**Q** 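Have a look at this one before I ask anything.
No experiment lies behind these values; they were computed from the predicted model shown. Labels below follow one simple rule: chain letters A, B, ... track the order of the sequence lines, proteins then strands, and each chain is numbered from 1.
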2 protein chains.
Amino acid sequence: MQEATPAPRSAGGPQAPKTVSIRDVAKEAGVSHQTVSRVVNGHPKVKESTRARVLDVIAEMGYTPNRMARALAGGAVRSVTVLTSDTSLYGASATLKGIEEAARAADFAVGISVLDTGAAQQPADVAARVSRPGEAVLVIAFDAPGVQAWQALPVGFPAAAAVERPEDGSPGDRPQLWLDDRAAAAQATRYLLGLGHETVRYLAIPSSTTRVGRRTEGWRDALRAAGKPLPEPLDAGWSPRSGYLTARSLLADPSVTAVLCGNDDLALGVLRAAREAGRDVPGDLSVVGFDDAPHAAYAHPALTTVRLDFEGLGRGCFGLLHRLLEPDTAPALPLWAEPELIVRESSGPAPSRRDRPKG
Amino acid sequence: MQEATPAPRSAGGPQAPKTVSIRDVAKEAGVSHQTVSRVVNGHPKVKESTRARVLDVIAEMGYTPNRMARALAGGAVRSVTVLTSDTSLYGASATLKGIEEAARAADFAVGISVLDTGAAQQPADVAARVSRPGEAVLVIAFDAPGVQAWQALPVGFPAAAAVERPEDGSPGDRPQLWLDDRAAAAQATRYLLGLGHETVRYLAIPSSTTRVGRRTEGWRDALRAAGKPLPEPLDAGWSPRSGYLTARSLLADPSVTAVLCGNDDLALGVLRAAREAGRDVPGDLSVVGFDDAPHAAYAHPALTTVRLDFEGLGRGCFGLLHRLLEPDTAPALPLWAEPELIVRESSGPAPSRRDRPKG
DNA sequence: AGGGGTAGTGTGAACGGTAACATTTGCCCT
DNA sequence: AGGGCAAATGTTACCGTTCACACTACCCCT
């Protein structure tokens, strides 16, 4: 732990940084400040020669529009605040990355505000996080705090969200995007069933709403469609530790041969529990994760998982918001990848009856 | 991949969101707007009864100061832009988390801007990322792009940084903080040496400067001090894959019994390479990581690593900046934890000669 | 020649705050 | 009683931008 001596307070020395404003440019170019504003904002009715001259002066003087003033004056905000709960989770952080990328490309500033997990999100709280009334907001609503924040946002608000599922009743047409977790979970489950497992257990991440999560639904869908027994899903948290604790009791049951996890971290915990229980993965037990976090491929055994294009989702969300804010100039919505099952080492054929450890 | 129909453009309907300004509050409370401003900013010379009344009205009307206007008017900026390169790396994201936490506590808005890795950071580029001339900046400079951005920042700029190492020559007193990586690496190395290993190999993360990294230095220090052979450090990247590839050739050498890695991700890769090479960890080979990322405890075997308090570092950096910006009101610098060696399963006594696989 | 559109430009007033200075009030002192 | 001072409050200007509108040319039409 070290600290350099702080630099002396900038005492507004002889050479004040001298910010160059739109009026400075105007004077230099011999036009009114409003004309400069028009040039900067690409207004069509400016004579070509004037535009060129102004642009020259701008380049020469190194003028940059002041975002604050621009926003204050009621112009385009060009700034988004991302509301998210836990950036240490892969899904959220990858989505954020996508948003930032797209926002930067569109010359938007991006702010970030982390939601307190636990505390319910009051409309007033949420509003207070936004720098300016009317400032745009992007919510990463994969968990309960996120969804609450999203719902707490006044409807007129320029905002979009990445959600786990679209809201049920209520105004169903808010600008929001989601990945098809349900189909992805169903696909993973079918894969395991196809390997000969009699059924698949599911370790659920916390649901973002009062209803059961989409991934849980997908898992159920597949089980039902295959006419397999449908056990209770197991409620877990987000962390490896949570997966470990939940799996410890589950794996005492020798009939459990396949476990689908709500995310890769849980799967990591399950892997450890399996090791401790003396269960060979994938020999005795197949474990499948979700998300394809960066470390999933380097677990032991390497995790079979479902790759989700969170970055693409983030880009999409920003695009949605952009289109909302600037319907005429915003580019078309970018595409993102479908969920994809990545088969690695942690899953395999169901153990044949005689190999299976005796109950 | 799904998309809800975008909400119709908010057409400024009958009930415009009607933002409540300082003048609205003033009128309602029967005072001048300036008095409201004074109350909001905790100016001392306001009569207690007036203050109470104004505060009541503020609460009642739900007034929130407009950040933009405040900044425009030349008040305190109360906003930081964090410059970072790769948020998917644990160190950077944890530091960001700490910054955000401290910033929120101090009622600062935080913006984020991701540096292009690869491209050199030009002063102009960096300046352009900042919303307003004079806006404060916090740089997470653990890698080369970060350091370049930090160096490209004009000296007068209100900025602070979390760095791998303090800059060498140059103005050595810029506001910056760092964790004692060097001591931490030395500690880990001593620990391994104490376990009987003849020497320790080191997989280096890329250095943030032209010089060798601090962790590398610490490792060298310990080896030298113990009079042990000092092999060349191995240059790796940041990812598990990089650790895997680097370790693959290294582990062919049976005399290698202890590997220290520049981060936990590299260690994950080494673990996999060890498995493939038929090396038992920790029996034949000890592997030690760095950072104590969340998944380190759930690797197989669980990683021995050095816990670094990145969140604390982030809080500290923000505190440094805060003190710079508001010397009179900013609280004292928060403390953060010293690096700490966390011994788990991936390290153990050096194999005795006769156990060691034959070269 | 006068009327009407339109391209190009300028003017003044916001936007919501803070800073600097002006003003009012109340108290103490001589 | 009047001068001096400090506390409490009000007034005005300004930050850098956009918006709404006014204005000037100029062209086209009848």
**Q** Can you sort out the partners of R53(A) under salt bridge (Lys or Arg N to Asp or Glu O under 4.0 Å), two or more places apart, ordered by chain and number?
**A**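 So R53(A) forms no salt bridge (Lys or Arg N to Asp or Glu O under 4.0 Å) with any residue.
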**Q** Within this structure, what is the CG-to-P distance between L72(A) and dT18(C), rounded to whole angstrom?
**A**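 Computing the L72(A):CG to dT18(C):P distance gives 12 Å.
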**Q** Starting at CZ of R67(B) and ending at P of dT17(D), how long is that distance when rounded to a whole Å?
**A**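 The distance from CZ of R67(B) to P of dT17(D) comes to 21 Å, rounded to the nearest Å.
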**Q** Please list, chain by chain and in numerical order, all residues satisfying side chain to side chain donor-acceptor pair (under 3.5 Å) with S88(B), sequence neighbours excluded.
**A**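 Expected list: D86(B).
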**Q** How long is the line joining CE of M68(B) and P of dT18(C), in whole Å?
**A**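 Going from CE in M68(B) over to P in dT18(C) covers 15 Å.
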**Q** For R70(A) and dG16(C), what is the distance between atoms CZ and P respectively, to the nearest whole Å?
**A**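 Roughly 18 Å, once rounded to whole Å.
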**Q** Which whole-number value in Å describes the distance from R23(B) CZ to dA13(C) P?
**A**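 Value for this atom pair: 15 Å.
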**Q** Does a side-chain N or O of N41(A) approach OP1 or OP2 of dT18(D) to a distance below 4.0 Å, or not?
**A**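 For dT18(D), OP1 or OP2 has a side-chain N or O of N41(A) closer than 4.0 Å.
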**Q** The helix from dA1(C)-dT30(D) to dT30(C)-dA1(D): angle between its terminal axes, five pairs each, to 10°?
**A**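 Overall, the helix from dA1(C)-dT30(D) to dT30(C)-dA1(D) bends by 60° from one end axis to the other.
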**Q** Between S208(B) and D143(B), do the side chains contain a donor N or O and an acceptor N or O under 3.5 Å apart?
**A**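 Judged by distance alone, the side chains do not pair up.
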**Q** Which pairs, protein N/O on one side and nucleotides 7-11 of chain D N/O on the other, fall under 3.5 Å?
**A**
residue: dA7(D); atom: OP2; partner: K45(B); partner atom: NZ; Å: 3.1
residue: dT9(D); atom: OP1; partner: T50(B); partner atom: OG1; Å: 2.5
residue: dT9(D); atom: OP2; partner: K47(B); partner atom: N; Å: 2.9
residue: dT9(D); atom: OP2; partner: T50(B); partner atom: OG1; Å: 3.4
residue: dG10(D); atom: OP2; partner: S32(B); partner atom: N; Å: 2.7
residue: dG10(D); atom: OP2; partner: S32(B); partner atom: OG; Å: 3.1
residue: dG10(D); atom: OP2; partner: T35(B); partner atom: OG1; Å: 2.9
residue: dG10(D); atom: N7; partner: R38(B); partner atom: NH2; Å: 2.9

**Q** Distance from H33(B) atom NE2 to K27(B) atom NZ, nearest 0.5 Å?
**A**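 Those atoms lie 12.5 Å apart.
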**Q** Taking only side-chain N and O atoms of S37(A), does any of them lie within less than 4.0 angstrom of OP1 or OP2 on dT17(D)?
**A**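 Indeed not, no polar side-chain atom of S37(A) lies that close.
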**Q** Under the side chain to side chain donor-acceptor pair (under 3.5 Å) rule, collect the residues that match up with E101(A), sequence neighbours excluded.
**A**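 R315(A).
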**Q** What do the steps show when you test T50(A) against V31(A) for side-chain contact (heavy atoms from CB on, under 4.5 Å), and what is the final call?
**A** CA-CA 8 Å; T50(A) 311; V31(A) 295; 4.0 Å; yes
**Q** Is it true that R51(A) and D56(A) make a salt bridge, defined as a side-chain N closer than 4.0 Å to a carboxylate O?
**A**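 Between D56(A) and R51(A) there is no salt bridge, as every charged N stays at least 4.0 Å from the carboxylate O atoms.
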**Q** Measure CG/N66(A) against C1'/dG16(D) and give the value in whole Å, please.
**A**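 Atom CG in N66(A) sits about 6 Å away from atom C1' in dG16(D).
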**Q** Evaluate salt bridge (Lys or Arg N to Asp or Glu O under 4.0 Å) for E100(A) paired with K97(A), printing each intermediate quantity in order.
**A** CA-CA 5 Å; E100(A) 203 280 340; K97(A) 191 172 179 179; over 6 Å; no
**Q** Tell me, please, which residues at least two apart from Y63(A) pass ring-ring contact (aromatic ring centres under 6.0 Å, His included).
**A**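 Testing Y63(A) for ring-ring contact (aromatic ring centres under 6.0 Å, His included), a comparison that skips the adjacent residues, returns none.
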